[in-house]
2 protein chains.
Amino acid sequence: MVRMSAQERRESVIRAATSEFARGGYYGTSTESIARRVGVSQPYLFRLFPNKKALFLAVAERCLEDTVRTFAEASEGLEGEEALRAMANAYTEVIAERPERLLMQMQMYVAVAAAEQQGDREFGETVRAGWMRLWETVHLPLGADVGETTTFLAYGMLINTLVAMGFPPAHRVWEGLYPEARIKGRLEK
Amino acid sequence: MVRMSAQERRESVIRAATSEFARGGYYGTSTESIARRVGVSQPYLFRLFPNKKALFLAVAERCLEDTVRTFAEASEGLEGEEALRAMANAYTEVIAERPERLLMQMQMYVAVAAAEQQGDREFGETVRAGWMRLWETVHLPLGADVGETTTFLAYGMLINTLVAMGFPPAHRVWEGLYPEARIKGRLEK
DNA sequence: GAAGTTAGTGATTGAGCACTAACTTACTTC
DNA sequence: GAAGTAAGTTAGTGCTCAATCACTAACTTC
């Protein structure tokens with residue numbers, strides 16, 4: 001038995017829960033499965049988080065935060081075309097190495113409607129605020145161009161979708177999406 | 001008590017289930033709630049569909065079919081810029097009048113990962129096949145241009161996401177997305 | 001080394017849910 | 001109008017799962 005501080009444990013729970021929620025979504029994931037992945041008893045999760053919803057929220061916030069940081073770090077000191085290229089490359093890395101983060105994003109977006117329906121307005125607020133932060137984070141380096149920003153985020157959402165559906169990266173549907181192709185396409189215009 | 005033929009009943013079950021699954025996803029939706037919406041007893045659903053999964057699959061297939069038809073009908077007889085404009089307008093109508101179809105799309109994409117994890121390869125195949133059909137349906141009228149097709153679908157996925165998150169249509173984040181703005185942006189280039 | 005605190009467990013509960021079985025009610029056909 | 005069939009219901013079962021409770025084991029501090 002490895003003892004950790006509650007704070008460290010909470011961290012590993014968030015990591016494990018990200019993977020689990022990414023596949024199963026909020027309702028399709030049992031706290032049991034998360035606990036098993038962490039290597040801790042199921043009731044102990046409720047010492048670390050007040051309830052399942054709070055855990056999901058923590059995971060969602062982390063997911064947004066990580067994505068924002070990815071773009072912020074990639075575009076640091078760059079502008080326009082260069083920033084676009086850097087951010088696109090950064091996202092490509094996430095696709096390859098952290099696909100669960102993309103899936104978790106979708107689970108989060110989709111969970112808003114369910115929460116809202118049940119009178120939980122707060123979750124939606126959090127996610128929308130996160131999206132706005134994400135929006136600003138890519139907007140500035142792209143020269144504060146609304147069209148560019150929208151397009152960039154749109155490609156991101158398409159990528160999330162293809163990953164969720166399980167299209168292998170070599171599949172035809174990815175053709176128009178690889179940064180090279182995308183940026184080359186833009187430069188040719 | 002209104003009696004219907006099993007076939008008619010199945011239709012109304014699919015409609016009701018679309019709304020319910022759209023909000024709650026597969027796991028967040030009880031067959032009870034679907035039955036209540038249809039106005040029929042919960043066990044009767046299992047006379048109409050072998051199990052919950054089959055019902056979800058039927059809803060997913062219908063959702064893809066409807067989307068494909070929307071684009072096919074909108075672009076009939078048109079090409080290039082005109083087809084793009086027509087399909088964008090058609091989708092705008094769906095946003096306003098059938099938002100549950102967009103949400104259901106996302107639920108479907110996201111459900112693939114969960115199904116795949118549980119060894120259900122079939123569901124993913126169905127969804128991917130549907131996506132390919134959708135892809136071809138917009139690809140041809142857009143002049144068989146891979147870049148155009150990718151961009152069009154990307155905007156669609158972004159729209160789905162914004163709808164899911166519950167951003168009102170007048171919100172800033174929609175700015176770059178209204179067909180007028182989008183097409184004008186393209187024309188200016 | 002005793003007292004106090006923090007990390008963690010095992011057993012349990014009550015609710016919700018997919019699905020079944022057995023039965024009833026309404027329409028159709030001859 | 002009796003027989004057959006298709007539509008629909010009531011009652012119930014077994015399982016899963018979030019959350020609680022009462023407890024133990026390991027560190028910390030003096």
Side-chain angles (χ1 to χ4, degrees), chain A residues 1-60 107 111 114-115 117-120 122-123, chain B residues 1-60 107 111 114-115 117-120 122-123:
Chain A
M1 188 176 107
V2 186
R3 261 172 82 107
M4 286 185 196
S5 77
Q7 207 39 254
E8 287 174 309
R9 208 46 116 173
R10 249 184 286 267
E11 279 305 309
S12 44
V13 168
I14 287 178
R15 274 194 301 274
T18 300
S19 298
E20 293 292 318
F21 281 135
R23 313 291 157 193
Y26 181 75
Y27 294 105
T29 301
S30 66
T31 56
E32 174 66 44
S33 73
I34 296 168
R36 201 167 32 234
R37 188 182 271 255
V38 182
V40 100
S41 71
Q42 178 262 350
Y44 188 50
L45 295 186
F46 294 86
R47 288 283 164 96
L48 301 171
F49 298 88
N51 50 47
K52 191 184 177 184
K53 235 174 70 178
L55 172 54
F56 188 79
L57 182 67
V59 169
Q107 297 287 5
Q117 164 131 327
Q118 282 159 40
D120 176 0
E122 195 194 332
F123 183 72
Chain B
M1 185 176 110
V2 186
R3 263 172 83 108
M4 285 183 196
S5 76
Q7 207 39 254
E8 285 173 310
R9 205 48 114 176
R10 250 183 286 266
E11 278 306 307
S12 43
V13 168
I14 287 178
R15 273 194 302 272
T18 300
S19 299
E20 293 293 318
F21 280 135
R23 313 294 156 191
Y26 181 75
Y27 294 106
T29 301
S30 66
T31 56
E32 174 67 43
S33 72
I34 296 168
R36 202 167 33 234
R37 188 181 269 257
V38 182
V40 102
S41 72
Q42 179 263 350
Y44 188 50
L45 295 186
F46 294 86
R47 289 282 167 94
L48 301 171
F49 297 89
N51 50 47
K52 190 184 178 184
K53 237 175 68 179
L55 172 54
F56 189 79
L57 183 67
V59 169
Q107 296 288 6
Q117 165 132 326
Q118 284 160 38
D120 176 0
E122 195 195 331
F123 183 72

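Nothing here was measured: the structure is a model prediction, and the numbers come from that model. Residue numbers begin at 1 in each chain, while the letters A, B, ... track the order of the sequences.
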What parts of residues 35-48 of chain A reach DNA chain C, counting only heavy atoms under 4.0 Å away?
-> A:Val40, A:Ser41, A:Pro43, A:Tyr44, A:Arg47
A:Glu122 atom CD, neighbour heavy-atom count above 12 within 6.0 Å = no
Would you say C:dG8 has OP1 or OP2 under 4.0 Å from some side-chain N or O of A:Arg9?
-> yes
Between B:Ile34 and B:Leu55 the two heavy atoms that sit nearest each other are CD1-CD2, 4.0 Å
B:Asn51 CG to C:dC19 C1', straight-line distance once rounded to whole Å = 9 Å
Tell me: CD of B:Glu20 to P of C:dA18, nearest whole Å?
-> 12 Å
Rounding to a whole Å, what distance do you find between B:Phe56:CZ and C:dC17:P?
-> 17 Å
Nearest atoms (heavy-atom pairs only) where B:Thr29 meets B:Lys52 = O-NZ, 2.7 Å
Sugar-phosphate only, base, or nothing, as touched by B:Thr29 at under 4.0 Å among non-hydrogen atoms | sugar-phosphate
To the nearest 10 degrees, how far apart in direction are the end axes of the helix from C:dG1-D:dC30 to C:dC30-D:dG1, each fit to five base pairs?
-> 10°
Can you check the A:Lys53 NZ to D:dA19 C1' distance for me, whole Å?
-> 15 Å
Please state whether the rings of A:Phe56 and A:Phe123 are parallel, tilted or perpendicular, taking 30° and 60° as the class boundaries.
-> tilted
Within this structure, what is the OH-to-C1' distance between A:Tyr27 and D:dT16, rounded to whole angstrom?
-> 16 Å
A:Ile34 CD1 - D:dT16 C1' separation (whole Å) = 15 Å
Report yes if a side-chain nitrogen or oxygen of A:Thr31 is closer than 4.0 Å to either non-bridging phosphate oxygen (OP1 or OP2) of D:dA18; otherwise report no.
-> yes
Grab the two heavy atoms, one from A:Ala17 and one from A:Val59, that are nearest each other, plus how far apart they are.
-> CB-CG2, 3.6 Å
Distance, rounded to the nearest Å, where B:Glu32 contributes CD and D:dT16 contributes P = 21 Å
